[in-house]
Amino acid sequence: MLVSRTHRLTLALLAAVTLVVTGCTAPVFAPRTPAREGAAPGGATPAWKPCPEVPRDLVGRGAPDMTYECATIRVPADWNAGGGSGGGASAAPGGDFEIALLRVRSGHQRDRIGSLVINPGGPGGSGIDTAVYLSFGPAFGGLPDEVTQRFDIVGFDPRGVSRSSPVKCVADADWDAAFGYEPDPATREQFDGLLALNKKIGERCGAQYGERLRLYSTEQAARDMDAVRAAVGDDKLTYLGYSYGTLLGAVYAQLFPRNVRAFVLDGAVDPKLDVVAGSESQAKGFELAFGNFDKWCASTPARCPIAPDARTAVTDAIEKARTSPVHGGNGRDATAGWIFYAVISSLYTEAGWQQLAQAIESLEGGDPGKIFDLADEYTGREKDGRYSNLFDANLAVNCADAGSVPSVDRIRELQSSWRRKYPLFGPALAVGMLSCVTWPGQRDPYPTDAATGAPPVVVVGTTGDPATPYEQAPRLARMLQVGTVLTWEGEGHTAYPQTRCITEAVNRYLIDLAVPPTGQRCPAR
């Protein structure tokens, strides 16, 4: 039900949110890099090779005193078709998937504990890209030196994502149509048009992948993660999962509780929420975050050019775009849909608030460039109009995971109801559920049980989180029965390593296995 947003070095941003058309997502930078050849089977020792080109292609260079190595392992396409578990299975009927890995090692490493495996969220976010970003250290929002000096940092692209047997079945023009579409299709014609677009996307993906669509589920990916643990040579897994990555980590902890060393689950997803409850939770969370943005504008008018009433300025811009969208020099129209996604994009960190205010001001002056910048950062749209496979993977995973979905008529009812309760975000979150209604793949729901036998797990929640609202953190901790909640009283999506209090608590846990005190809360600053 989620995805993670572009991780900018200066913000250490990792995120997730439900999409109007794809059902659940929020992008991470995922370049089209093909999987490396010479893949080792699951459980075998991978052939690590230097790959300085990966950070160079992403950000122009590698981090000082860091080395980058890449490898690929093979895993069964279906772990439940005779493949077994624990990373040592041979390929099951139906072939296999290649899982791409990147290992970052500090030149100042000492007293090595093992590997810290990273997942940035999504589903659809690239763990390889995120490991690169996090390797640049605290000056750029990356991991603290205390952590990089004790662990190898290992990123992997989950099955179907970026370099790992990527799923790609949606035309770029269809993504443009989806993101630019009316976020609240109120008329029957508008609603039916969105339904038809979702059907078109589903039919194309079904024709290309058929029965294999079921195999992109979170449970399958969690079993892949145990193959990653075995491949890096760790008896027990140390893991840092953001956003949807908390769901992936929770499923792993249920399947392999005795293989857990230390898990940090930041930006927690409540696995027991069904599609409707999860979408409504996000609608409520984004309304809260937007309200906080509005209050910030009113209290800091010198930094907010659309003060004192930012809410009206934004909603007026969306309403005007419904009939008279501003035309951009690149041939694109700043429709209500693109403005809506610019708003979504801006709410993941407080730093995005000023960007949104400036973008709306520029739009009022006839320049939609900053709106497109924000929206494209969220969607992963490149300047030439191409998209990575982030949203294709997001769609495949979310719909494979969905145990049940509401009917089209029920979605139409919720759209109306949520318009009253959550006026800016409710309708879009409601119609976002259409994507899995029209999805042709079979379902493979993940378990929602206790992680019996696992050691304590740290669940981090942020009180102002728009994408995974704070109340989901204690729910995840209770479900696992081994979770301890660490609270950040801040804004935006995910917390580590943004403040000293959060960073020190998580570091102590990762390095020394010192669990934060029950009820620990960290101030926003």
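This structure is a prediction, so every number in the text was calculated from the model and none was measured.
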Aromatic ring centroids of F290 and Y422 under 6.0 Å? no
Interatomic spacing from OH in Y242 to NE2 in H493 - rounded to 0.5 Å: 10.5 Å
Closer than 4.0 angstrom, basic N to acidic O: yes or no for K284 and E280? no
Counting only N and O atoms by type, is there a donor-acceptor contact under 3.5 Å from the side chain of N398 to the main-chain atoms of N394? yes
Carefully, step by step, assess T494 and V460 under the rule side chain to side chain contact (heavy atoms under 4.5 Å, CB included). CA-CA 8 Å; T494 76; V460 184; over 6 Å; no
4.5 Å side-chain heavy-atom contact, W296 and E491: no
Please determine whether a side-chain nitrogen of the Lys or Arg among D226 and R229 lies less than 4.0 Å from a carboxylate oxygen of the Asp or Glu. yes
Polar side-chain atom of S279 near backbone of V275 as donor-acceptor pair, under 3.5 Å: yes
Checking side chain to side chain donor-acceptor pair (under 3.5 Å) against Q109, which of T148, T67, D152 comes through? D152
Test Y244 against T468 for side chain to side chain contact (heavy atoms under 4.5 Å, CB included), laying out the working first. CA-CA 9 Å; Y244 161 82; T468 53; over 6 Å; no
Drop me the distance from C522's SG to Q520's CD, to the nearest 0.5 angstrom. 4.5 Å
Chi angles and distances behind the side chain to side chain contact (heavy atoms under 4.5 Å, CB included) call for D266, V506: CA-CA 10 Å; D266 186 358; V506 172; over 6 Å; no
So which atom in A428 and which in F340 form the shortest heavy-atom distance, rounded to 0.1 Å? CB-CZ, 3.4 Å
Using modelled atom types only, decide if a donor and an acceptor are shared between the side chain of W488 and the backbone of P523 within a distance under 3.5 Å. yes
Least distance between heavy atoms, P257 atom then A451 atom: CB-O, 4.1 Å
The residue among Y216, F156, W79 that forms ring-ring contact (aromatic ring centres under 6.0 Å, His included) with F97 is Y216
For the atom pair CH2 (W48) and CZ (R105), what is the distance rounded to the nearest 0.5 Å? 9.0 Å
Decide, yes or no, whether a salt bridge links R311 with E287 under the criterion of side-chain N to carboxylate O below 4.0 Å. yes
Would you say S345's side chain and Y341's backbone share a donor-acceptor pair under 3.5 angstrom? no
Does A310 offer a backbone N or O that forms a donor-acceptor pair with the side chain of D294 under 3.5 Å? yes
State, yes or no, whether a side-chain contact exists between I99 and L101 at a heavy-atom distance under 4.5 Å. yes
Should V59 and Y133 count as side-chain neighbours, where that means a heavy-atom distance under 4.5 Å? yes
SG/C51 to CD1/I128 distance, rounded to the nearest 0.5 angstrom? 7.5 Å
Determine whether the side chains of S135 and Y68 contain a donor N or O and an acceptor N or O closer than 3.5 Å. yes
Whether the side chain of D392 engages the backbone of V167 through a donor-acceptor N/O pair (distance < 3.5 Å, no angle test) should be reported. no
List the atom pairs, donor and acceptor, that lie under 3.5 Å between side-chain atoms in residues 473-483 and the rest of the protein, sequence neighbours left out.
none

P469 side chain near L288 side chain, heavy-atom distance below 4.5 Å: no
Evaluate the side chain to side chain contact (heavy atoms under 4.5 Å, CB included) criterion for residues S164 and R159: first the C-alpha distance (whole Å), next the side-chain angles of each, then the deciding distance (0.1 Å), finally the verdict. CA-CA 5 Å; S164 295; R159 60 170 59 199; 5.5 Å; no
Look at the side chain of R150 and the backbone N and O of D111, then say whether any donor-acceptor pair between them is shorter than 3.5 Å. yes
Scanning both residues in full, the closest heavy-atom pair of W418 with G426 reads CE3-O, 3.5 Å
Inspect the surroundings of CZ in R112 and state if more than 12 heavy atoms from other residues, nucleotides or ligands are less than 6.0 Å away. yes
Does the side chain of D401 come under 3.5 Å of the side chain of S217 through a donor N or O and an acceptor N or O? no
For R103 and S115, which I'm curious about, is there any donor-acceptor pair between the side chains at under 3.5 Å? no
So, Q358 side chain and K370 main chain: donor-acceptor pair closer than 3.5 Å or not? no
Within this structure, what is the NZ-CD distance for the pair K272 and Q472, rounded to the nearest 0.5 Å? 13.5 Å
Does E350 come within less than 4.0 Å of R303, counting only side-chain N to carboxylate O? no
With a 4.5 Å heavy-atom cut-off, do T72 and P46 have their side chains touching? no
Using every non-hydrogen atom in the two residues, find where A357 and C304 come nearest and quote the distance to one decimal. CB-SG, 3.7 Å
Would you check if V264 and Y509 make a side-chain contact, meaning some heavy-atom pair closer than 4.5 Å? yes
Answer yes or no: is there a donor N or O on one side and an acceptor on the other, between the side chain of S346 and the main chain of V343, under 3.5 Å? yes
If you count heavy atoms of other groups shown closer than 6.0 angstrom to NZ of K236, is the number above 12? yes
The reported gap from CG in L429 to CZ in F286 (rounded to nearest 0.5 angstrom) is 7.5 Å
Any side-chain heavy atom of D444 within less than 4.5 Å of one from Q220? yes
Counting distance only, does the side-chain N/O of Y470 pair as donor-acceptor with the main-chain N or O of T487 below 3.5 Å? no
Just so I know, are the side chains of V228 and Y239 near enough to count as touching, which here means a heavy-atom distance under 4.5 Å? no
Please find the pair of heavy atoms, one from T462 and one from G490, that lie closest to each other, and give the distance. CG2-O, 3.2 Å
Nearest non-hydrogen partners of D129 and R163, listed with the distance: OD1-NH2, 2.8 Å
